[in-house]
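Below, read A as the first sequence line, B as the second, and so on, with proteins coming before strands; counting in each chain starts at 1. As the structure is a computational prediction, the values presented were derived from the model and not from experiment.
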Amino acid sequence: MGDVKGLKSGSEAEKDTAVTTLSDTLLLERMSKGDTASFDAVFYTHYDRVYGLLFRLLGNRTEAEDLTQEVFLQLHHHAFRRRLFDLQREHNIGAWLYRTATNMGYNAIRGRQRRWQRNLVLVPDPAGSPGVDKEVERREQVTAVRRALARLPQRQTQLLLMRQMDFSYEECAQACGVAPGSVGTLLARASKAFKQLYEEEQGK
Amino acid sequence: MNEMDKETERLLALTEPTDHEAPQTASLALAQVKQRVAVETISTTPSWSDRLQDFLVAPGRRYALASVMAVLMLIFAFSFPTVRAAASEFLSLFRVQNFAAITIRRNRLPC
């Protein structure tokens with residue numbers, strides 16, 4: 001799985017952010033001039049993390065893949081057909097991608113006609129099976145987590161998920177449009193709000 | 001202040017995709033995106049509103065457009081009598097109202 005895993009020290013993560021941001025800026029400049037190879041490079045760089053963010057929101061692989069493609073189609077449209085990145089002086093592709101992915105994920109959640117479904121099918125076992133019970137409990141927890149995330153304000157959900165995916169403070173700040181210095185405080189508030197909503201969902 | 005407590009991290013980790021929920025390969029996904037781009041390029045062209053917006057927000061044109069809008073607003077404002085009256089009153093501050101001529105004799109000037 002291509003998610004960014006593992007803990008990094010603050011300075012290493014910040015250096016990675018600086019390199020990635022610089023590379024994105026150069027790629028963006030080339031994309032605005034019609035360079036398709038730069039689009040491919042951006043795709044390979046961010047595809048896994050965009051998918052990871054969307055899957056965490058939606059919980060469905062097919063839906064997350066479709067929306068991931070939609071995000072990059074939007075990028076292609078804005079960069080090549082409408083040249084909006086050049087015109088609006090957008091400099092951070094990563095921030096734009098994760099912001100767009102979160103917007104699309106939330107739109108998909110709101111557009112759902114039915115409630116969250118538990119899709120685990122159990123074959124009744126008269127003797128009982130601790131393994132199955134544990135799986136059911138895990139599924140219920142996951143459902144409650146996603147319900148709680150869907151009820152949070154979009155920015156709080158985005159911050160929590162991006163931080164859980166090991167995005168740096170700088171990346172979180174750019175994607176959410178906040179000052180880097182306020183990310184810690186905002187995360188603490190989001191965490192508190194999330195736990196409250198999760199406990200409400202568990203109680204239902 | 002802790003940014004995100006361990007319990008929240010544990011719960012959010014439950015939403016991570018498992019191995020069988022991993023996405024298709026990036027190269028396959030990219031090929032699909034390019035295929036859709038090709039289909040959309042053939043079937044759609046920028047609408048007139050897209051073209052108008054692109055024209056208006058082009059870098060050099062933004063400031064020219066703002067200037068033109070400012071001039072038009074000024075012209076519109078001066079169509080109101082009260083505005084013209086206020087402007088006239090303001091300009092009268094700099095207008096010469098009273099004029100008196102005096103005669104200067106050189107032999108009466110201090111040397």
Worksheet item: How are the rings of A:Phe194 and A:Tyr198 set relative to one another: parallel (under 30°), tilted (30 to 60°) or perpendicular (over 60°)?
Response: parallel
Response to the item:
Nearest heavy-atom approach of A:Tyr106 to A:Leu149 is OH-O, 2.9 Å
Fill in: Part of A:Asp40 within contact of chain B (heavy atom distance under 4.5 Å)
both
Worksheet item: Under a 4.5 Å heavy-atom cut-off, does chain B meet the side chain of A:Glu65, its backbone, both or neither?
Response: side chain
Worksheet item: Quick one: of A:Gln141, A:Arg61, A:Arg138, who has the most non-hydrogen atom pairs under 4.5 Å with chain B?
Response: A:Arg61
Worksheet, complete the sentence: Looking only at A:Leu159, A:Leu161, A:Val145, A:Val142, most heavy-atom pairs under 4.5 Å shared with chain B are made by A:Val145
Worksheet item: Side chains of A:Glu140 and A:Gln202: is there a donor and an acceptor less than 3.5 Å apart?
Response: no
Item to complete: Applying salt bridge (charged side-chain N to carboxylate O under 4.0 Å, His left out) between A:Glu201 and each of A:Lys195, A:Arg146, A:Arg151, report the one that passes.
Response: A:Arg151
